[in-house]
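The basis for the numbers below is simple: all heavy atoms, side chains too, and nothing from hydrogens, waters or symmetry mates. Since the model is a prediction, treat every value here as computed from it, not as a measurement.
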Amino acid sequence: MNKVAIVGCGWFGLPLAKALVSAGIQVAGTKRSPEGCDELSLNGITPFELDLSLINQQTLAQNCIRLTPLLDAEVLIVNIPPGLRRGENQYLNHIERLHQLIDGRNYKRVIFISTTGVYPSSDQHMHENDAQAYDDKSAVLLKAESYFTAMNNSCIIRFSGLIGPKRHPGKFFAGRQDIAGGNVAVNLVHLDDCIQAIKAILSATEQGKPVASIYNLAAPHHPTRAEFYRAAAIHLGLSAPEFNQQTLPSKTIIGDLICKQLGFNYIHPDPVSMLDAC
């Protein structure tokens, strides 16, 4: 693998880019500001400033030309956070603009980072073919995926809840009382495993091995919310939360297809043990 382009070098994209550079791969990446591009340069990543909210039909052609050195890669990794929980509503517009920018290009592999938010909480084990548009947010997520499932050599990887450096979950419920849903299964994945999963897909692509169109990524152990968030708060030296007896609908994300097909092994299989790596 000679050249990889990463659209979105944030909390996940930047460590991924660094890991690929360390593996001897030429990496180009995007940030939305000149300062962010400076950070990429300092880490051996060829920088491109890209703010998809500033691209429209009038500027599309000139940006296609400007970004040609970025987008003419063997592998394209798209890592654009949806921001739906923060009330952002431009996600699909950004995905459509990016899709227009890459239209007509051929890649050995296109990897689109999605989320397990496409699975409903129906007290079931959720596999890759169980996604559904059960509300407005999941409909948006699936629409975004559809832009890439239609492309040749695409692979959608759906991350569970992300934890790792600067994302310790201990403060989330710390000190709170009378919380419902202590029964709900925790579906998390560590940054280290996200990076390793991408590397596994790249390796399989380089070797000409089959790669599925969709993979879930979730640690195989699923403690309850009560068990995990008590442990997380205590890990930070904070007051443990108290959960009441009210149950809520749950779901358990099964992320073993990538293990069976690509020989992937989770570095952090247990969310409670992950806390030491946050």
Side-chain angles (χ1 to χ4, degrees), residues 10-12 14-15 79-91 113-127 130-142 157-195 197 216-256 266-278:
W11 184 84
F12 166 65
L14 180 57
N79 175 49
I80 302 174
L84 300 179
R85 291 183 179 179
R86 299 189 299 271
E88 297 179 14
N89 58 10
Q90 293 300 306
Y91 180 55
I113 308 301
S114 188
T115 165
T116 55
V118 297
Y119 301 111
S121 294
S122 55
D123 295 316
Q124 302 288 329
H125 286 188
M126 292 293 166
H127 299 268
D130 293 322
Q132 57 180 273
Y134 61 92
D135 62 9
D136 290 345
K137 291 179 181 177
S138 58
V140 168
L141 296 171
L142 287 171
I157 184 161
R158 294 171 177 157
F159 289 169
S160 296
L162 296 169
I163 68 173
K166 299 182 180 180
R167 281 201 182 186
H168 194 294
K171 295 181 180 179
F172 196 74
F173 285 115
R176 292 176 56 186
Q177 297 182 352
D178 197 31
I179 308 167
N183 64 296
V184 172
V186 167
N187 300 289
L188 293 174
V189 65
H190 193 278
L191 173 66
D192 294 340
D193 283 313
C194 296
I195 292 172
N216 290 337
L217 209 64
H221 294 175
H222 301 272
T224 66
R225 186 179 288 178
E227 292 167 340
F228 176 75
Y229 284 103
R230 284 171 183 155
I234 292 170
H235 190 268
L236 286 182
L238 303 174
S239 298
E242 295 295 333
F243 290 81
N244 60 34
Q245 297 302 309
Q246 181 182 350
T247 61
L248 293 175
S250 181
K251 61 184 173 185
T252 301
I253 307 300
I254 305 302
D256 62 359
Y266 286 90
I267 301 169
H268 305 284
D270 181 5
V272 175
S273 298
M274 285 181 205
L275 297 172
D276 290 329
C278 290

Check whether any side-chain heavy atom of Lys251 lies under 4.5 Å from a side-chain heavy atom of Asn187, and answer yes or no.
yes

So, the side chain of Ser239 versus the backbone of Ala174: is there a donor-acceptor pair under 3.5 Å, distance only?
no

Single hit among Asp130, Asn216, Leu141 for side chain to side chain contact (heavy atoms under 4.5 Å, CB included) with Val118:
Leu141

Between Phe12 and Phe159, does the ring centroid distance fall short of 6.0 Å?
yes

Has the side chain of Ser250 got a donor or acceptor atom that lies under 3.5 Å from a matching backbone atom of Ala185?
yes

Just so I know, are the side chains of Glu242 and Asp178 near enough to count as touching, which here means a heavy-atom distance under 4.5 Å?
no

Can you check whether His221 reaches Pro271 side chain to side chain, under 4.5 Å on heavy atoms?
yes

Any side-chain heavy atom of Pro165 within less than 4.5 Å of one from His190?
yes

Mark yes or no for whether Asp193, through its side chain, and His268, through its backbone, hold a donor-acceptor pair below 3.5 Å.
yes

Are Val189 and Leu162 side-chain neighbours, meaning at least one heavy-atom pair lies under 4.5 Å?
yes

A side-chain contact here means heavy atoms from C-beta on lying under 4.5 Å apart; do Pro241 and Arg230 qualify?
yes

Can you find a pair of side-chain heavy atoms, one from Pro169 and one from Phe228, that are under 4.5 Å apart?
yes

Is Pro220 close to Asp256 at the side-chain level, that is, under 4.5 Å between some pair of heavy atoms?
no

Has Tyr229 got a side-chain atom pairing as donor or acceptor with Phe243's backbone, closer than 3.5 angstrom?
no

Quick one: does His222's side chain have a donor or acceptor within less than 3.5 Å of a partner on Ile253's backbone?
yes

